[in-house]
Amino acid sequence: MGISMENSLSVILRNVMLRSPFGNLGDLEHRVTEIPGAHRWTEGSPVRFEIMDESLKRGRGGPGGSRSIRIMGPTMLGILKSLRSLAKNPSQPKTGAPAELLADLEGYLLGLGASSVGYTRVPERWIFQNKAILHTNAIVMTMEMDKPRIDTAPSQDGLEAVLEIYRDLGRIANKGADYLRQRGYSAHAGHPLMGLALYPPLAQMAGLGWMGANGLIITPEHGPRVRLAAIYTSIETLPFFSTENEYQWVEEYCATCQVCVRKCPVEAIMPEPQRHQDGRVSYVINERCFPYFSDYYGCSVCIAVCPFNHAPYERLKQNFGEPNETSSEHEISYILH
């Protein structure tokens, strides 16, 4: 049964939770664009797909009814904190950081639950239209979603596995930003939900993986089963990742595999991604994806069926195009798809 069949109480709770905390979100985001020195969108920047607003317009679907409200509440408060806390930044922030501090910060983020951490600079063309970020120096993080629950997608359990990561990774981003402020640096927590810039290409630039055919970052640790967040900071001495990325072979694998393309319930994933002149790549047709996404627990089928969600990254890489007798029947079936 789809989320569209949720009872009237769930609809009321959903609308209250979405409308009340988000009533001033647009104002807070706009204030960032007015901060002197903030980095703003460019003429060719993409438009952010407003999941929350579109859910309310549909009058059904959304965050999963009353079972998910307990997760969505603190998640949305975390988004508000990421914007309100900008006022706590030092007026004259430090711009240099010793390697020891960055090592401590990385250990702190991983200790809080982040799965991997990388560094990059944000191209302004990847900031969403009418949005801004405080700095283009970015600390990018991934966090793993629970595999047993994601494998049931689309389902309420699968949806809650996603929502919990939005909540928890948002907390990590906010705590990481606080960590830097306490040490004299300016920081802007980029929440994993309703982000102000495109996260998957940033994660790719930070060396955390490569974008797959489903438009999600494919990581060596957890495949596509991660969510992303960032901390934008005044630190100019981040160990930015090399332009060489060892995960680039994933693009060829995905072009051969196409499992997510075939398994998408509404054929929303393009067999050939759309490549834009500014280097941005589009993989999903939102107009097809969103109605099913909204009605059926955030879907996540493209994550659940991905070979990188089922077989070890190194084994898939080793056997790509050459399945052998030591491969499991399940794994070979994915390699041959």
Side-chain angles (χ1 to χ4, degrees), residues 32 35 37-39 74-75 77-123 126-127 132-145 164-193 195-209 217 219-222 226-243 245 247:
V32 183
I35 296 176
H39 298 267
T75 300
L77 291 175
I79 298 175
L80 296 179
K81 178 181 178 180
S82 72
L83 296 167
R84 289 171 175 161
S85 62
L86 297 182
K88 299 179 180 180
N89 278 322
S91 59
Q92 294 183 318
K94 298 178 182 178
T95 58
E100 294 79 7
L101 183 141
L102 294 177
D104 288 345
L105 171 63
E106 189 167 326
Y108 177 66
L109 297 172
L110 294 173
L112 289 172
S115 297
S116 60
V117 178
Y119 308 89
T120 191
R121 281 200 172 96
V122 184
W126 287 349
I127 301 171
I133 58 177
L134 210 53
H135 307 284
T136 56
N137 310 305
I139 302 163
V140 186
M141 299 171 288
T142 72
M143 190 173 188
E144 179 192 10
M145 295 181 287
E164 286 174 4
I165 296 303
Y166 281 138
R167 178 196 64 197
D168 296 343
L169 185 54
R171 287 173 176 166
I172 294 173
N174 277 316
K175 288 183 177 181
D178 288 340
Y179 179 101
L180 290 173
R181 292 187 190 107
Q182 292 167 6
R183 288 157 180 80
Y185 301 95
S186 175
H188 175 181
H191 200 278
L193 183 62
L196 301 173
L198 284 170
Y199 285 145
L202 292 184
Q204 180 172 298
M205 288 181 62
L208 300 180
I217 196 75
T219 66
E221 301 89 357
H222 310 296
V226 297
R227 288 298 188 222
L228 306 171
I231 302 172
Y232 311 113
T233 177
S234 62
I235 300 175
E236 297 284 351
T237 55
L238 296 177
F240 297 116
F241 188 72
S242 168
T243 55
N245 191 317
Y247 309 122

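Hydrogens, waters and symmetry mates play no part in the numbers below; they use all other heavy atoms, side chains included. Here the structure is a predicted model, which means the values were calculated and not measured. Position 1 is the first residue of the sequence, and the numbers go up from there.
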So CE of Met205 and OH of Tyr119: to nearest 0.5 Å the spacing works out to 15.5 Å
Please answer whether the main-chain N or O of Leu134 pairs with a side-chain N or O of His188 as donor and acceptor at a distance below 3.5 Å. yes
Tyr199 side chain vs Gly190 backbone, donor-acceptor pair below 3.5 Å: yes
I need the Leu180 CG to Thr233 OG1 distance, nearest 0.5 Å. 5.0 Å
For Met141 and Ile231, what are the C-alpha separation, side-chain angles and deciding distance, and is it a side chain to side chain contact (heavy atoms under 4.5 Å, CB included)? CA-CA 8 Å; Met141 299 171 288; Ile231 302 172; 4.0 Å; yes
Nearest 0.5 Å, please: how far is CE in Met143 from CG in Asp168? 4.5 Å
Using the side chain to side chain donor-acceptor pair (under 3.5 Å) criterion, which residues pair with Thr136? Sequence neighbours excluded. none
A side-chain contact here means heavy atoms from C-beta on lying under 4.5 Å apart; do Val140 and Ser116 qualify? no
Working for side chain to side chain contact (heavy atoms under 4.5 Å, CB included), residues Tyr185 and Leu101: CA-CA 11 Å; Tyr185 301 95; Leu101 183 141; 3.8 Å; yes
Among residues at least two apart in sequence or on other chains, which ones pass side chain to side chain donor-acceptor pair (under 3.5 Å) with Asn89? Arg181, Ser186
What distance separates Ile235 CD1 from Ile139 CD1, expressed to the nearest 0.5 Å? 5.5 Å
With a 4.5 Å cut-off on side-chain heavy atoms, are Asn137 and Arg121 touching? yes
Does a side-chain heavy-atom distance below 4.5 Å link Tyr108 with Asp104? no
Mind checking whether His222 and Thr142 have side chains closer than 4.5 Å, heavy atoms only? no
Scanning both residues in full, the closest heavy-atom pair of Pro220 with Tyr247 reads CG-OH, 3.6 Å
Could you pull out the closest heavy-atom pair between Gly118 and Leu208, with the gap in Å? N-CD2, 3.7 Å
Rounded to the nearest 0.5 Å, the CD1 atom of Ile172 sits from the NE2 atom of His191 at a distance of 10.5 Å
Considering all heavy atoms of both residues, which atom of Asn174 and which atom of Ser82 are nearest to each other, and what is their separation? OD1-CA, 3.3 Å
With a cut-off of 3.5 Å and sequence neighbours excluded, list every side-chain donor-acceptor pair involving residues 90-97.
from  : atom 1 : to     : atom 2 : distance (Å)
Lys94 : NZ     : Arg183 : O      : 3.2

Please determine if Lys175 and Asp178 form a salt bridge, counting it only when a charged side-chain N lies under 4.0 Å from a carboxylate O. no
Of all heavy-atom pairs linking Gln204 and Ile217, the shortest is N-CD1, 3.6 Å
Of all the heavy-atom pairs spanning Pro74 and Arg171, show the shortest one and how long it is. CB-NH2, 3.8 Å
What are the two closest heavy atoms between Leu102 and Pro239, and how far apart are they? CD1-CD, 3.6 Å
Find the distance between CG (Leu86) and CD1 (Ile133) and round it off to the nearest 0.5 Å. 11.5 Å
